[in-house]
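To keep things clear, I will list the structure first and then write my remarks on it.
Every number for a ligand or one of its atoms is a count from 1 in the order of the listing. The model shown is predicted, which means the values in this text are computed figures rather than measured ones.
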Amino acid sequence: MPLLVMKFGGTSVADLDRIRNAARKVQREVDRGYDVIVIVSAMSGKTNELVGWVEQTSPLFDAREYDAVVSSGENVTAGLMALTLQEMGVPARSWQGWQVPINTTAAHSAARFESIPRANLDQKFAEGFKVAVVAGFQGLGPDGRITTLGRGGSDTTAVAFAAAFAAERCDIYTDVDGVYTTDPRIASKARKLPKIAFEEMLELASLGAKVLQTRSVELAMRYKVRLRVLSSFEDSDENSGTLICDEDEIMESKVVNGVAASREEAKITLVTVADRPGISASIFAPLADAGVNVDMIVQNISEKDYEDHPGSVTDMTFSVPINQVERAKKAMEEAKAAGRIAYDELVVDTDVAKVSVVGIGMRSHTGVAARMFKALADENINIKVIATSEIKISVLIDRKYMELAVQALHDAFGLEAA
Ligand code: ADP
Ligand code: ASP
Ligand code: MG
């Protein structure tokens, strides 16, 4: 029997009516002859509420209990979805992660899949069940405890099931009707892309476009899953939404195909660090040990005279996710106290945002950086840090200019027109 994976995000299962609406979409696929694995998120806002409760109860929480609490939202929607389908006459059964089991690593709150044995679900399909509703975002760690996959992780659950069960397609139903050139909530001129290459989607996701969790795109690329993003609020057919696919399936492509933005950034500067071999290693090793994800880095060599040694000191600036600032500060202060690094001052700036342009065409075209910087300059937006890779350029700017920067770049690269 051909099999589809259908994933419904938080807004698509926000209340009983919406669950019914989603269930009707599932029923349609069953009527077309598919077995379906449905992956559900928690009702919208639920996971945030659960995270808030954990943080209020215990600021330095035990990650195992965090996972026990925040995974629970998905259990509710999985059961309700199975009941709704049953009411419609569709034989459906719900599954929590441990029941499948979805085996993951032990990294609580950021676990990764190890294996998804098919036997239990296959047996239920063989018994005549048409739909398995699986709670997204959660798994079972090697210690026998519940794990979660990081925020937005239900997308990754969906792709992992599509790979494990050789699904014909993995459809991600959400509150937008596809992947756009940029977040349509930021730029009204954003244009829906009929197709986007895995590499570009991967960059956009990791640079802040939360329409898909980064890891889900990685898995889809590795296991050649046909991944599609489409609206749960509109009627759809085979051509709806956006297909994430290999770049050679795409005929037309611009140099830049998307703009991403992230508010969840912070900038840390270590002022007057001795400029000598090994200094970067002694700063970034303790950060890595503390589990801090350093993203952009700039080292400004100071030419000013300092104790009669011109050029002997430097400022080191780097960006980290905003929720890791305290951890990063602690790692730096401990390294300083232990005499492993020396600096005069540690300055944190949390009023920043990262804006990025992405396009596989950058591999073969020059001048993208110049065009990007000119567009920002024309809006009087100051660039604080720059980072580039083969197919993206990112800048850190004042957060208050984020929307303006996204719109200016969207215009500068002509993304509105197909
Ligand atoms: P779900 O709850 O269904 O998982 P999310 O809120 O996680 O949905 O992701 C969908 C949201 O992603 C959209 O509402 C949109 O604001 C945002 N988004 C950011 N960048 C993009 C983009 N390039 N294309 C489409 N949506 C985007
Ligand atoms: N409910 C989880 C979250 O809000 C997982 C998901 O929605 O993908 O992060
Ligand atoms: Mg999501």
* Structure fact -> When distances are taken from atom 3 (C) of ligand 2, the protein heavy atom at minimum range is R151 NE, 3.3 Å
* Could you walk me through whether D155 and S216 pass the side chain to side chain donor-acceptor pair (under 3.5 Å) check? -> CA-CA 6 Å; D155 297 328; S216 72; 4.9 Å; no
* **Intermediate values then yes/no, side chain to side chain contact (heavy atoms under 4.5 Å, CB included), D295 and K354** => CA-CA 10 Å; D295 178 19; K354 180 169 64 178; 2.6 Å; yes
* Take E218 and R215, measure what salt bridge (charged side-chain N to carboxylate O under 4.0 Å, His left out) needs, and give me the verdict at the end. => CA-CA 5 Å; E218 255 169 46; R215 183 88 186 113; 2.6 Å; yes
* Applying a strict 4.0 Å limit to heavy atoms, is G153 in contact with ligand 2? -> yes
* To do: Indicate yes or no: does R145 engage D143 in a salt bridge with an N to O separation below 4.0 Å.
  => no
* Structure fact -> Applying ring-ring contact (aromatic ring centres under 6.0 Å, His included) to Y173 and not counting sequence neighbours gives F8
* So, does T105 use its side chain to make a donor-acceptor pair with the main chain of R112 at under 3.5 Å? -> yes
* Asked: Looking only at protein heavy atoms, which one is nearest to atom 6 (C) of ligand 2, and how far off is it?
  -> S154 OG, 3.4 Å
* To do: Run the salt-bridge test on K330 and E334 with the 4.0 Å N-O cut-off and return the result as yes or no.
  => yes
* Could you please provide the protein residues found below 4.0 Å of ligand 1 on a heavy-atom basis, arranged by chain and number? => K7, G9, G10, T174, D175, V176, G178, V179, Y180, T182, D183, P184, R185, A209, K210, V211
* Geometric N/O contact T47 with ligand 2, under 3.5 angstrom -> yes
* If we only count heavy atoms from C-beta on, is the V259 to F413 side-chain gap below 4.5 Å? -> no
* Structure fact -> For S41, the ligand 2 atoms with a heavy-atom partner under 4.0 Å come out as 6 (C), 7 (O), 8 (O)
* Structure fact -> Here the atoms of ligand 2 under 4.0 Å from any heavy atom belonging to G152 are 3 (C), 5 (C), 6 (C), 8 (O), 9 (O)
* Structure fact -> Short version for K46: what comes under 4.0 Å of ligand 2, heavy atoms counted, is neither
* Does Q213 come within less than 4.0 angstrom of ligand 2, counting non-hydrogen atoms of the residue? -> no
* Asked: Backbone N or O of K384 within a donor-acceptor pair of the K267 side chain at under 3.5 Å?
  -> no
* Asked: Is it true that R226 and E249 have a side-chain N and a carboxylate O under 4.0 angstrom from each other?
  -> yes
* Just distances here: any N/O of K7 and N/O of ligand 2 closer than 3.5 Å? -> no
* Structure fact -> If you scan protein heavy atoms around atom 2 (C) of ligand 2, the nearest is E74 OE2, 3.4 Å
* To do: Apply the test side chain to side chain contact (heavy atoms under 4.5 Å, CB included) to residues V51 and Y66: give CA-CA distance (whole Å), side-chain angles for both, the deciding distance (0.1 Å), then the verdict.
  => CA-CA 7 Å; V51 169; Y66 169 94; 3.7 Å; yes
